[in-house]
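Down below is the structure, laid out as structure tokens.
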Amino acid sequence: KLASGFTLDLGPLKEPLGFIRVLEWVFTIFAFATTGGYSGSSHFTVNCIGAEPKDVNPAFAYPFRLPKSPYQIPLCNGSIPDDTYLQGDFSSSAEFFVCVGVFGFLYCTATLVLYLGFQHIYRLTSRGPTIDLVVTAAFAFLWLVSSSAWGKGLTDVKWATNPGHLVMNDQCNSTCKAGEFPSMGRLNASVIFGFLNLMLWAGNCWFIYKETPFHKDPNPPATMEEEGAPGP
């Protein structure tokens with residue numbers, strides 16, 4: 001019965017309820033796409049007397065378990081260097097942020113199908129808008145928590161991969177020179193998209209609230225026909 005009741009209607013996209021949901025869908029994709037799949041590397045050089053400078057590029061990637069990828073710092077005495085590791089595991093905040101983004105994307109997709117294909121069912125009872133309001137408010141809270149946590153995590157990732165911090169390694173002594181800082185424009189954008197999603201989901205709560213019985217007058221004024229004709 002639900003499938004047979006599908007009726008495509010693009011009208012809700014002209015209303016704040018549908019239009020903001022489309023924006024949430026787009027910005028949610030941007031949020032988790034700029035975090036997941038990221039890979040980068042730091043850079044510094046080892047300068048030994050009488051030898052060409054040797055580049056060292058410690059690599060790291062999502063989900064930012066930094067000790068997972070070892071690197072080696074060439075030694076000036078020609079001996080075989082031991083593996084060196086970046087320090088810090090920031091996977092919890094990064095994965096939590098991406099998880100919120102993925103589930104937010106799935107919820108936006110489901111509700112857009114409901115708005116555009118089953119609007120008559122959505123407005124048939126107060127249950128649909130009420131559940132929508134509760135879930136949207138919950139996602140707004142999750143965006144606040146996950147974006148804040150990932151923002152702090154990103155700050156820690158930047159510190160842990162800072163070339164100036166890495167050359168303080170005991171194996172480097174005075175032979176290492178800090179190079180270029182890792183490119184993290186995508187990760188900076190992901191935090192921005194996270195807080196933009198917070199504003200979108202929190203703001204959309206108002207428009208969904210207007211669809212619930214909590215906003216509508218439970219006792220609307222009676223019309224002239226319902227009141228009857230006035231007496232003589």
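One is the number of the first residue; the rest follow in order along the sequence.
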Please determine whether residues [X] and [Y] belong to a single hydrophobic cluster, defined as Ile, Leu, Val, Met, Phe, Trp and Tyr linked transitively by side-chain heavy-atom distances below 4.5 Å.
| X | Y | answer |
| --- | --- | --- |
| Leu23 | Met199 | yes |
| Leu142 | Val145 | yes |
| Trp159 | Val157 | no |
| Trp143 | Leu106 | yes |
| Phe207 | Val22 | yes |

Whether over 12 other heavy atoms sit under 6.0 Å from Glu15 CD: yes
Heavy-atom neighbours of Arg127 CZ exceed 12 at 6.0 Å: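 Counting other residues, nucleotides and ligands, CZ of Arg127 stays at 12 neighbours or fewer.
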Return the [atom1] to [atom2] distance between [X] and [Y], rounded to the nearest 0.5 Å.
| X | Y | atom1 | atom2 | value |
| --- | --- | --- | --- | --- |
| Leu200 | Phe193 | CG | CZ | 11.0 Å |
| Ile29 | Phe105 | CD1 | CZ | 5.0 Å |
| Leu86 | His165 | CG | NE2 | 8.5 Å |
| Phe195 | Ser146 | CZ | OG | 8.5 Å |
| Leu154 | Leu187 | CG | CG | 5.5 Å |
| Ser41 | Tyr71 | OG | OH | 12.0 Å |

When you compare the side chain of [Y] with that of [X], does any pair of heavy atoms fall below 4.5 Å?
| X | Y | value |
| --- | --- | --- |
| Gln72 | Thr84 | no |
| Pro81 | Ile73 | no |
| Pro74 | Val56 | yes |
| Tyr62 | Val98 | yes |
| Phe181 | Asn162 | yes |
| Ser147 | Leu198 | no |
| Phe27 | Cys108 | no |

Looking only at heavy atoms, which two atoms of [X] and [Y] are closest? And how far apart?
| X | Y | result |
| --- | --- | --- |
| Tyr85 | Pro70 | CE2-CB, 3.4 Å |
| Ser42 | Pro182 | CA-CG, 3.8 Å |
| Phe90 | Ser93 | O-OG, 3.4 Å |
| Val46 | Cys176 | CG2-SG, 3.9 Å |
| Leu112 | Gly18 | CD2-O, 4.1 Å |
| Gly164 | Ala178 | N-CB, 3.9 Å |

Residue pairs fulfilling side chain to side chain donor-acceptor pair (under 3.5 Å) with at least one residue in residues 26-39, sequence neighbours excluded: Thr28-Asn197, Thr35-Ser190
Pairwise side chain to side chain donor-acceptor pair (under 3.5 Å) hits with a residue in residues 94-118, at least two apart: Arg21-Thr111, Arg21-Tyr115, Trp25-Thr109, Arg65-Glu95, Tyr107-Asp132, Tyr115-Asp132
Verdict with reasoning, Phe139 to Val135, per side-chain contact (heavy atoms from CB on, under 4.5 Å): CA-CA 6 Å; Phe139 267 107; Val135 176; 3.7 Å; yes
Check: Phe64 ring centroid to Trp150 ring centroid under 6.0 Å: yes
